[in-house]
Amino acid sequence: MAERIKVLLSENEVDKRIQAIGDQISKDYAGKEVHLVCVLKGGSFFMCELAKRITVPVSFDFMSVASYGSETKSSGVVRIVKDLDEPLKDKHVIIVEDIVDSGRTLSYLMQMLQERGPKSLAICTLLDKPDRRVMPIEVDYTGFEIPDEFVVGYGLDYAQRYRNLPYIGVVEFD
Ligand code: IMP
Ligand code: MG
C-alpha cells in the first residue's frame, strides 16, 4: 500500500512551540535543576531540541519501554526494554514523550517512576490526542493537541520510518 505524508505542523511551528515550552520550563524551575527522562525512541528528537532551550541546569537519561499486546492496541502493561542509568531520588524529573494517545504507557510509567522517590515528577509531551484517552493522566506541558490521526515525524514513526522528518505529518494511504 502506497502512503503519502501531509504536513500537519511545519518545522517552523514545531520549533516555535518547543522554544515556548523551554521558556516555560526555565521559568517554572528557576533556581532548580531539571532531570529529563526521554522515552525512546519517539521522544528523542523532541528532548534534544527542548534541552537546548532550557536555561536552568539540565541533566538527562533515557529509557525504552514496550507495551504488551498488539502493535495497535496497547494493553497498559509496560515492559522496560532499557532502564534508566541513574537514580531519580530527590531530582526534579520531567518525562519527555513524543505523544500521549490512550495514556496507558504514561500512566504506568508515572506510577513506576514515582516509586523511585523523585522530588517532583512532571510530564512533557510534544503531541496529545485527547480524544483517544483511556487512562486519565495529568500532562504538565503539551506542545500541540491534535485530532485522532496517525502522525509521523520529529521522532514518531510508521513501521520505524519517517522519524527523521523535521515536521509533523499525517500518513495518508492511497
Ligand atoms: P499510549 O500508551 O496509547 O498513550 O501510547 C503512546 C505511544 O503510542 C506513543 O509513545 C507512540 O509511541 C505511539 N503512538 C500513538 N499515536 C501515535 C501516532 O499517531 N504516531 C506514531 N506513534 C503513535
Ligand atoms: Mg512513545
Side-chain angles (χ1 to χ4, degrees), residues 1-11 13-15 17-18 21 25 35-51 60-84 88 93-116 118 121-174:
M1 199 162 30
E3 72 237 18
R4 281 168 287 114
I5 310 298
K6 186 184 80 190
V7 178
L8 179 67
L9 298 161
S10 71
E11 182 171 9
E13 282 176 279
V14 175
D15 285 354
R17 188 68 193 118
I18 295 177
I21 297 174
I25 289 175
H35 187 67
L36 305 179
V37 166
C38 173
V39 185
L40 293 169
K41 303 168 186 157
S44 57
F45 284 67
F46 178 39
M47 195 201 68
C48 291
E49 293 305 313
L50 182 65
F60 52 74
D61 205 346
F62 298 90
M63 78 186 298
S64 181
V65 298
S67 78
Y68 289 106
S70 66
E71 279 285 296
T72 51
K73 208 161 174 291
S74 75
S75 60
V77 180
V78 173
R79 179 169 57 92
I80 298 180
V81 177
K82 182 219 172 295
D83 204 344
L84 298 169
L88 300 181
V93 175
I94 305 176
I95 303 174
V96 181
E97 255 283 28
D98 50 0
I99 190 164
V100 187
D101 190 28
S102 69
R104 286 191 175 105
T105 308
L106 269 179
S107 160
Y108 190 86
L109 215 55
M110 279 294 275
Q111 225 176 323
M112 192 176 65
L113 298 184
Q114 194 70 61
E115 285 168 12
R116 300 186 186 186
L121 185 59
I123 296 175
C124 178
T125 184
L126 179 58
L127 304 172
D128 187 0
K129 289 185 198 172
D131 295 346
R132 299 259 305 168
R133 196 75 84 256
V134 173
M135 295 294 287
I137 53 161
E138 234 178 85
V139 180
D140 302 272
Y141 304 97
T142 302
F144 302 90
E145 288 194 353
I146 60 166
D148 180 12
E149 288 182 288
F150 197 82
V151 291
V152 293
Y154 233 93
L156 291 138
D157 75 301
Y158 170 64
Q160 297 302 325
R161 282 155 54 211
Y162 305 119
R163 291 191 196 274
N164 60 318
L165 296 179
Y167 54 87
I168 302 290
V170 175
V171 186
E172 291 182 334
F173 299 96
D174 292 326

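We number each residue from 1, following the sequence as shown. Just follow the structure's listing: the first ligand is 1, and inside any ligand the first atom is 1.
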Notebook entry, point to check: Is Glu138 atom CD crowded by more than 12 heavy atoms from other residues, nucleotides or ligands, each under 6.0 Å away?
Noted result: no
Next item on the list: For Phe62, enumerate each residue passing the ring-ring contact (aromatic ring centres under 6.0 Å, His included) test, keeping only those at least two apart in sequence or located in another chain.
Entry: Phe60
Checklist line | Proximal ligand 1 atoms for Glu149, defined as those under 4.0 Å from one of its heavy atoms | finding: 19 (O)
Check: If you measure from each heavy atom of Arg132 to ligand 1, is any distance below 4.0 Å?
Finding: no
Check: Are Ile18 and Tyr154 close enough that some pair of their side-chain heavy atoms sits under 4.5 Å apart?
Finding: yes
Note to self: Only heavy atoms of Thr105, strictly under 4.0 Å: list the atoms of ligand 1 that pass.
What the structure shows: 1 (P), 2 (O), 5 (O)
Notebook entry, point to check: Relative to the heavy atoms of Glu97, which atoms of ligand 1 are at a distance of less than 4.0 Å?
Noted result: 10 (O)
Checklist line | Basic-acidic side-chain contact under 4.0 Å: Arg133, Asp128 | finding: yes
Notebook entry, point to check: Going by the atom numbers of ligand 1, which of them fall below 4.0 Å from some non-hydrogen atom of Arg104?
Noted result: 2 (O), 4 (O)
Next item on the list: Go through the steps for Asp157 and Lys41 under the test side chain to side chain contact (heavy atoms under 4.5 Å, CB included), then give the verdict.
Entry: CA-CA 9 Å; Asp157 75 301; Lys41 303 168 186 157; over 6 Å; no
Margin query: Geometry only, no angles: is Val151 polar-contacting ligand 1 at N/O separations under 3.5 Å?
Written below: yes
Item checked: Test item: Arg17 side-chain N/O and Thr142 main-chain N/O as donor-acceptor pair under 3.5 Å -> yes
Next item on the list: Using a strict cut-off of 4.0 Å, indicate which atoms of ligand 1 neighbour a heavy atom of Leu156.
Entry: 20 (N), 21 (C), 22 (N)
Checklist line | Proximity flag Asp157 to ligand 1, non-hydrogen atoms under 4.0 Å | finding: yes
Checklist line | Closest candidate by heavy atom, reference atom 3 (O) of ligand 1, pool Gly103, Gly153, Ser107, Ser102 | finding: Ser102
Item checked: Matching residue for Tyr167 among Ile5, Val14, Asp15 - test: side-chain contact (heavy atoms from CB on, under 4.5 Å) -> Ile5
Next item on the list: Work out whether the distance between some heavy atom of Met135 and some atom of ligand 1 is less than 4.0 Å.
Entry: no
Item checked: Closest candidate by heavy atom, reference atom 23 (C) of ligand 1, pool Asp148, Ile99, Val78 -> Ile99
Note to self: Walk me through whether Asp61 and Met63 qualify under side chain to side chain contact (heavy atoms under 4.5 Å, CB included).
What the structure shows: CA-CA 7 Å; Asp61 205 346; Met63 78 186 298; over 6 Å; no
